[in-house]
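Position 1 is the first residue of the sequence, and the numbers go up from there.
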Amino acid sequence: MHVFYTPDIEIRSELPEEEAAHAIRVLRLQTGDEVMLTDGNGNFYRAEISTATGKRCSVKIIETLPQEPLWNGHLHIAMAPTKNMDRTEWFAEKATEIGFDELTFLNCRFSERKVIKTERISKILISAIKQSLKARLPKLNEMTDFNNFITRPFEGQKFIAHCHEDEKLLLKEQIRKGEDALVLIGPEGDFSEEEVKKALKNGFIPISLGKSRLRTETAALVACHILNLQNQ
């Protein structure tokens with residue numbers, strides 16, 4: 001069954017314009033066809049198309065289907081975006097399929113990309129929750145300065161993954177199941193020594209993701225997967 005993202009479905013029984021165009025022009029859905037909707041806030045809705053004309057697609061809700069959380073805690077990945085945006089977009093899609101709650105882009109000292117437009121990333125997240133049948137849309141934050149970000153309050157475990165020759169334990173051995181968790185992933189050039197020191201002073205725990213040397217988007221995805229598995 002086709003799934004459509006309808007964040008305002010509780011106050012407006014109509015698909016957003018882009019979703020309506022896909023339903024009517026691409027999928028050729030008609031009045032009486034049944035569809036599945038999600039509001040991105042934890043609910044699916046079984047619905048029937050009541051009107052399908054031009055750019056408008058109205059629906060009638062048949063049944064509300066709340067989806068229980070698929071993992072414990074609030075899982076937050078904060079990463080420096082890659083120079084090649086295709087790699088960052090790949091991460092956003094795959095991480096959503098695996099499962100996490102929030103994504104923040106970091107502007108670090110060695111970041112090769114200092115500006116990022118989140119509109120396309122947002123569309124990728126929406127597409128990914130529909131494809132993976134998740135009813136919760138991850139929160140997407142704009143680019144944030146690293147030094148400002150690490151001083152923000154966070155009620156949970158805080159980790160930083162870096163490649164410096166310091167003593168680090170595996171992330172999977174540090175996670176306390178059920179607690180909120182935040183992991184920092186640096187740019188291709190890694191975090192600077194000063195950034196690592198500042199993070200540690202602000203309560204971040206240095207961690208390793210394993211013996212392999214990972215690219216930024218791979219490291220972020222591995223961290224996401226570990227957090228998700230440990231919180232099942």
Side-chain angles (χ1 to χ4, degrees), residues 1 3-7 9-10 36-46 63-81 87-106 118 121-141 144 149-150 152-161 168-186 199 203-210 212 214 216-232:
M1 185 179 296
V3 179
F4 298 93
Y5 176 59
T6 52
I9 192 61
E10 291 190 350
M36 187 71 75
L37 316 175
T38 178
D39 58 9
N41 291 316
N43 297 301
F44 284 115
Y45 302 86
R46 192 163 64 88
E63 184 180 10
T64 300
L65 304 167
Q67 184 183 63
E68 291 296 321
L70 302 179
W71 54 87
N72 297 307
H74 183 88
L75 311 183
H76 188 166
I77 300 293
M79 64 176 287
R87 289 160 54 193
T88 296
E89 292 170 1
W90 174 84
F91 162 77
E93 178 184 64
K94 300 309 175 187
T96 303
E97 292 176 11
I98 291 170
F100 76 118
D101 297 291
E102 188 169 357
L103 173 61
T104 299
F105 292 111
L106 297 176
T118 56
I121 301 291
S122 178
K123 291 181 179 180
I124 289 171
L125 297 181
I126 291 170
S127 177
I129 65 167
K130 294 191 293 183
Q131 292 174 355
S132 59
L133 297 179
K134 289 184 172 62
R136 289 175 173 79
L137 181 67
K139 181 181 179 181
L140 177 62
N141 300 316
T144 305
F149 182 79
I150 62 172
R152 295 179 180 178
F154 181 82
E155 296 299 327
Q157 291 185 287
K158 302 188 295 184
F159 305 101
I160 179 170
K168 294 171 288 187
L169 296 175
L170 291 172
L171 175 60
K172 70 185 181 95
E173 297 175 350
Q174 294 297 300
I175 296 171
R176 295 191 293 270
K177 183 175 181 178
E179 288 192 20
D180 295 349
L182 164 63
V183 179
L184 307 182
I185 303 293
F204 284 83
I205 300 169
I207 51 92
S208 169
L209 299 173
S212 298
L214 306 175
T216 294
E217 75 280 8
T218 310
L221 190 64
V222 168
C224 176
H225 194 204
I226 293 171
L227 289 179
N228 187 282
L229 284 178
Q230 296 294 91
N231 281 281
Q232 289 292 318

Residue pair Phe204 / Phe159: nearest heavy atoms and the distance that separates them: CD2-O, 3.5 Å

Distance (rounded to the nearest 0.5 Å) between Met36 CE and Glu63 CD: 8.0 Å

Residue pair Lys94 / Cys224, side-chain heavy-atom distance below 4.5 Å: no

Nearest heavy atoms of Ile129 and Thr96, plus distance in Å: CG2-CG2, 3.5 Å

Worked verdict on Glu89 versus Ile121 for side chain to side chain contact (heavy atoms under 4.5 Å, CB included): CA-CA 6 Å; Glu89 292 170 1; Ile121 301 291; 3.6 Å; yes

N/O donor-acceptor pair under 3.5 Å between Thr144 side chain and Leu106 backbone: no

Side chain to side chain, Ile9 and Asn43, heavy atoms closer than 4.5 Å: no

Donor-acceptor contact below 3.5 Å, side chain Asn231 vs main chain Lys177: no

Check: Thr118 main-chain N/O paired with Ser122 side-chain donor or acceptor under 3.5 Å: no

Thr216 side-chain N/O to Gly186 backbone N/O, donor-acceptor pair under 3.5 Å: yes

Flag, side chain of Ser127 to backbone of Lys123, donor-acceptor distance under 3.5 Å: no

Donor-acceptor under 3.5 Å (Gln67 side chain, Leu133 main chain): yes

Plane angle bin for Phe91 and Phe100 - parallel if under 30°, tilted between 30 and 60°, otherwise perpendicular: tilted

Nearest heavy atoms of Glu93 and Ala128, plus distance in Å: O-CB, 3.8 Å

Atom pair CG (Leu182) and CD1 (Ile77), whose distance is rounded to the nearest 0.5 Å: 8.0 Å

Side chains of Trp90 and Leu221 in contact at under 4.5 Å (non-hydrogen atoms): yes

Spacing of NE2 belonging to His225 relative to CD1 belonging to Ile98, to within rounding of 0.5 Å: 5.0 Å

Heavy-atom neighbours of Lys172 NZ exceed 12 at 6.0 Å: no

Minimum side-chain heavy-atom gap Leu184-Ile150 below 4.5 Å: yes

Donor-acceptor under 3.5 Å (Glu10 side chain, Asp39 main chain): no

Spacing of CZ belonging to Arg136 relative to CH2 belonging to Trp71, to within rounding of 0.5 Å: 8.0 Å

Given Asp180, Asn141, Val183, the one that forms side chain to side chain contact (heavy atoms under 4.5 Å, CB included) with His76: Asn141

Approximate separation, where rounding is to 0.5 Å, of Leu37 CG and Phe4 CZ: 8.0 Å

Spacing of Thr218 atom OG1 and Leu209 atom CG [to the nearest 0.5 Å]: 10.5 Å

Contact summary for Ala92 and Leu125, nearest pair of heavy atoms: O-CD2, 3.7 Å

Thr104 side chain reached by Arg152 side chain, heavy atoms, under 4.5 Å: no

Step-by-step side chain to side chain contact (heavy atoms under 4.5 Å, CB included) determination, His74 to Glu155: CA-CA 10 Å; His74 183 88; Glu155 296 299 327; over 6 Å; no

Sub-4.5 Å side-chain heavy-atom contact between Asp101 and Pro138: no

Verdict with supporting geometry, Met79 and Leu103, side chain to side chain contact (heavy atoms under 4.5 Å, CB included): CA-CA 8 Å; Met79 64 176 287; Leu103 173 61; 4.1 Å; yes

